[in-house]
Every structure is written in C-alpha cells, then in structure tokens.
Participant: 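Before anything else, here's the structure in question.
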Amino acid sequence: IMYRVQDTVINKKLSDFQFFFFQAEDGIRDAQESRGLGDVYKRQTQSTWGLYKSEYIKMSRRFDSKVNSFSAEGKLLQVEYAVEAINKSRPGIGALIKDGAILGAVKDVVSALLERTRQSEKIYCLDKNIYCVVSGVSADGNYLIDYARGLAQDYRFQMREYINVEKLVVDICDQKQYYTQFGGSRLFGAAFIYAGYDTTHGFQLYNSDPSGNYAGWKATAIGTNSIAANSFLKDEYQEDINLDQGLDLVVKSLSKTLDTSSPSADKIELLVLQLDENKQVKARFLNEKEITELLKRNNILKEKVAE
Amino acid sequence: FFFFFQAEDGIRDAQESRGLGDVYKRQGINAEYMGRINQNKILKEQYIRKMSIDTYNGGAIIGMIGKNCVALACDRRLGVQFQTIATNFQKVFQMQDDILLGLSGLGTDIQTFSAVMEYELNLYNLKENRKMKPNTFANLVSTTLYSKRFSPYFVSPIVAGLEKGQPVLTTYDSIGCLTKTEEFVVGGTAAETLYGIAEAFYRPNLNPDELGEIVAQILVSGCDRDILSGWGGVVYVLTEDGLSTKILKTKQT
C-alpha cells in the first residue's frame, strides 16, 4: 500500500539535509527529493529531473558562500569590499548652511577630448527638492539615480507633494540593502551624499553607502581621502554659517582630498540649494568663473604660469 | 408614460405616475419630482442614465491661436449633475512655462490625468535633461490617452503651447485621437454652443490683448447657455514674454 508522508526530516547533519514529500501530480505518487526551493519543473522523466536537481544543488551551494553570506568572522565581505571601492573614488562633500545646503564634487575625468553633454557629471537632481553627489561606480550610481527619480515621481503622483528627503534616502537604501541579501547579484558600488529640503525638517544632509546604511549629517565627505576631509570638517564646521562661509569650507575640504594635484575650477563642481522668495527650492550650479574666484579666495588655486 | 392630474392643492399638474401612490405632499415641483425619483429606483436609473460620464461634472474649455500667441480658457464649475459643488475647480494646468494643458470631462480624471502628465514631464526633464517641446508634449498626451484605450480617462484635453514663437494648439478625444489646428478648439458640455460663437467671432492674427478679450467673451456666452458650465472663468494667454492669467466674474448660475 502506498502511504502519504508530509515533510519527513531525516536525521542528518545540516549539509546533508533532505526533505521528502510525495507528489500527487499525475495521480502517481513517488518519493521525490525536495530541493527546498519549491518545485519549478513538472516531472517529465526521472532521468531529466534528476539532472536538473543535481546541477541546481551544486550551483546553489557555491553561490551561497559568496555574496549573501557572512564570513566566519561575522563580516559581510562584499559590503566591505564595496566600501573600499568607494574610498578609492573621486570625492564628494556636503554641508548644511544657515539657509540651505551645499554639495561639492571632484570630477572623474578632465580631458580636452571630453564633450560635455550634461550640466553636471557628479551632482544630480532627484526631484526639485533633492540633489545628490555620487561617488563610486558611476553606472551603478546612474541606475540608482533613475530608480530614485521614479520613486520620487511616484510619491508626487500619489501624494501630490514632494517626497520628504529622508523617505527617499530610505527607499534608495532599501534597494541597496536588497542586493546585499537577495538576488545573488553584486552590490551597488555607489555612495551618495544627499542634500534636500522638505517642510518637515527643512534643509537636510544625508549619506548612504553600498550596504544600504545611511546617516544624517551637518557636513560630511565621501570618496578618496574622506577621512582627512571629515576630520577637517569636524574641526572647522560651525552651525549657521552663511553661504560664503559654507562655500569656503566646502572648497577647502575638497582641496584636502586632493593632496598632490592642484585643483582648477574645471575639476570641481559646486551646487547651492536655497529657498527663493516663494519658499520654493532653487538650485544653482556655480560657474567656472565663480569657482575660480572661490579657489583664489581660499589660496587654493595654483597660479598658472603666464604665457 | 402614464399621466394623471393631481388635484391636491387645487392646482393641476401633469405628473409622472410611479404607480406606487403619492408619498410626498407637493412642495415644489423639483423637490417633489426629485423625491419621487429617489423613491423609485427604476425612474432613478433612467434619470441618471441621461447623464453620461462625460457630462457628469460639466465644464467648458476653449483654445484659440493668435499672432505668436495662444489662449486657453475654462469655466470654474464642478458639479454633480445639476448640483454645483465648487466654483474654483482647476481645469487648466501650466505644465511648463510654454505649455498649457486644458481638460474637460470627468472631474476626477481631470485631476488624475494632469498628475499623470506632470509625472511624465518631470521624469522626462530629469532623465533627458531638457525641457519638453510643446509638440512633443502634445504627442505624449495622445499616446498616454491611448495607453488606456480600454479603460479610458474620461477627459477631452486641449494642449496649448508656443514652440519657437509658433503657437501650437491640439485637441483629442478621450482615447487620444490628435487633431492639430491653426484656429480654435472647444471642449466640454458647452462645446456645441461654443463652436457656434467661436466660429462667428474668430479672426486670425489677433494680438494677445484682443485674443484674451475675444476668448473671454466666447467662453462667457457659451457657458451662459449651458447649465452645467460657468460660475466664473479663467483666461490664460501665452506669449513669448510669459503667461497672463485673468479671472472672469460671470453670472452666478
């Protein structure tokens, strides 16, 4: 007589764990090994099914030990490696000022051959009230930026108002976190500094790293030499500074991140976020002339040899 | 229909017989009629069926091209069939500094469709890093409407814009059939009356002031003859220098 058994667990070590269940699909009951993943394939013949099963288990065992698992020391190695990638990338800075926020970045490539198609290479608009600087793998950053833009518009469509800054940051971080745990794909190698405004908390500054972790800041730096820049910011930053003081601070800390090369205006991008007379966020990129002035004012610019 | 004469207050009126017997004392013709309608489900369905979904909220819009300018005007009423609910209901939306979107039709779809177009336009601006040309926007309206071909937005949009100084004026049915025009377009429950008046008063190459004035006159006259439109008006005139907005006071009926 055939009898039905549900999920009998055979007493073995963890690595040899096997479930048995009876399949009643074609009216014929057979004992089948459960892959623990849910049945995807209908049983065709014993031999072909067996082939799928063993291949799958082999692959999944190799996979599991890489991206989504803890190391023996309790670390998520991929996350740490991704953070390393950021620390080797071009810097980004953000600072809150009394009536707004400033974002600064050093451009990746400055070449005479480069044709500028976008207004900015590193500072992006997510919605009218939120901007961000990217550091790390640009392509990953671009993907997340488009993703965030879609989310911000979805929110605007549903609620008929601008998304709150922290909410968007959290949504992006949720996406980053997803890839540290599911999917079997690599992490996003992108870190951001976000500057934005909402009526709940006014102007705010956040950063996020590849793990999906985020924090709020008064001023912060990411990318190459961010430790030096952050330490400078910690000493020098004061609350309620005005725009000029803020720009000085940002530009000085950017120069800390470029220890050997001499910064010129075409290597630096600066964005200022403030409110206009109608209490709407207005964003302004500084032009090359203004940046040059700023660098001169702070004794950063190395004077070019007269031709 | 059955007719019988009521002799209640000594005044005889023809009343529709519900076949159920009279419940209400006659107060006013409308009140009693409405009362009877609500009492009788069958009659109520017939009554409501007369109001299609396009005419449920009421409204009137008109767009007209002038010399290097374009005007778009709308009434301000939002009604639930014959009852007026609001007199400040927005029907024209400035999508960009050179694009206006006017919508007539079902009130909730006016709100949602304008939000959908704003959504598309915002993402376009961010991703393509440029403004949208009025003609592009006009086409996007058409394709967005068609994407809901089998559960449509019950709106009849008008797009008015200025592309390199040249006026753009397009209109659509509710599933996206695009019509480009060089003169004027009308929409809403007052459309039939607006057509006639606009045809009579339209002249080509009006300057912005004349255009605004004429469009205002046409709108007000048209709305006066349509019970579902009116309660004020708003006239937008778009020129290269910017957008001017005028709020009209009309007969409050």
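Numbered from 1 within each chain, the chains take letters A, B, ... in sequence-line order. Values below: all heavy atoms of this structure, side chains included; hydrogens, waters and symmetry mates excluded.
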Participant: Is the number of heavy atoms from other residues, nucleotides or ligands under 6.0 Å of B/Gln90 CD greater than 12?
Facilitator: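 Enclosed: over 12 neighbouring heavy atoms sit under 6.0 Å from CD of B/Gln90.
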
Participant: Of all the heavy-atom pairs spanning A/Gly150 and B/Tyr119, show the shortest one and how long it is.
Facilitator: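 Here A/Gly150 and B/Tyr119 meet closest at O-OH, 4.1 Å.
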
Participant: How long is the span from the CZ atom in A/Arg156 to the CD atom in B/Glu118, to the nearest 0.5 Å?
Facilitator: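 Between atom CZ of A/Arg156 and atom CD of B/Glu118 there are 4.0 Å.
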
Participant: Tell me, for A/Ile145 versus chain B, whether the close heavy atoms (under 4.5 Å) come from the side chain, the backbone, both or neither.
Facilitator: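 Looking at A/Ile145, nothing touches chain B.
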
Participant: Could you grab the distance from atom CG of B/Asn125 to atom CD of A/Gln153, nearest 0.5 Å is fine?
Facilitator: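 One gets 9.0 Å once the value is rounded to the nearest 0.5 Å.
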
Participant: In Å, rounded to the nearest 0.5 Å, how long is the span from CG of B/Leu126 to NZ of A/Lys128?
Facilitator: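 Rounded to the nearest 0.5 Å, the CG-NZ separation comes to 7.5 Å.
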
Participant: Is it the case that more than 12 heavy atoms not belonging to B/Glu128 sit under 6.0 Å from its CD atom?
Facilitator: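 Buried by this count: over 12 neighbours within 6.0 Å.
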
Participant: Hey, is NZ on B/Lys133 packed in by over 12 heavy atoms from elsewhere, all under 6.0 Å?
Facilitator: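 No, not enclosed.
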
Participant: Heavy-atom count check: over 12 atoms from other residues, nucleotides or ligands less than 6.0 Å from A/Lys282 NZ?
Facilitator: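 Result for NZ/A/Lys282: enclosed.
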
Participant: Is it true that, when you exclude B/Lys67 itself, more than 12 heavy atoms of the residues, nucleotides or ligands shown sit nearer than 6.0 Å to its NZ?
Facilitator: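 Incorrect, the count does not exceed 12.
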
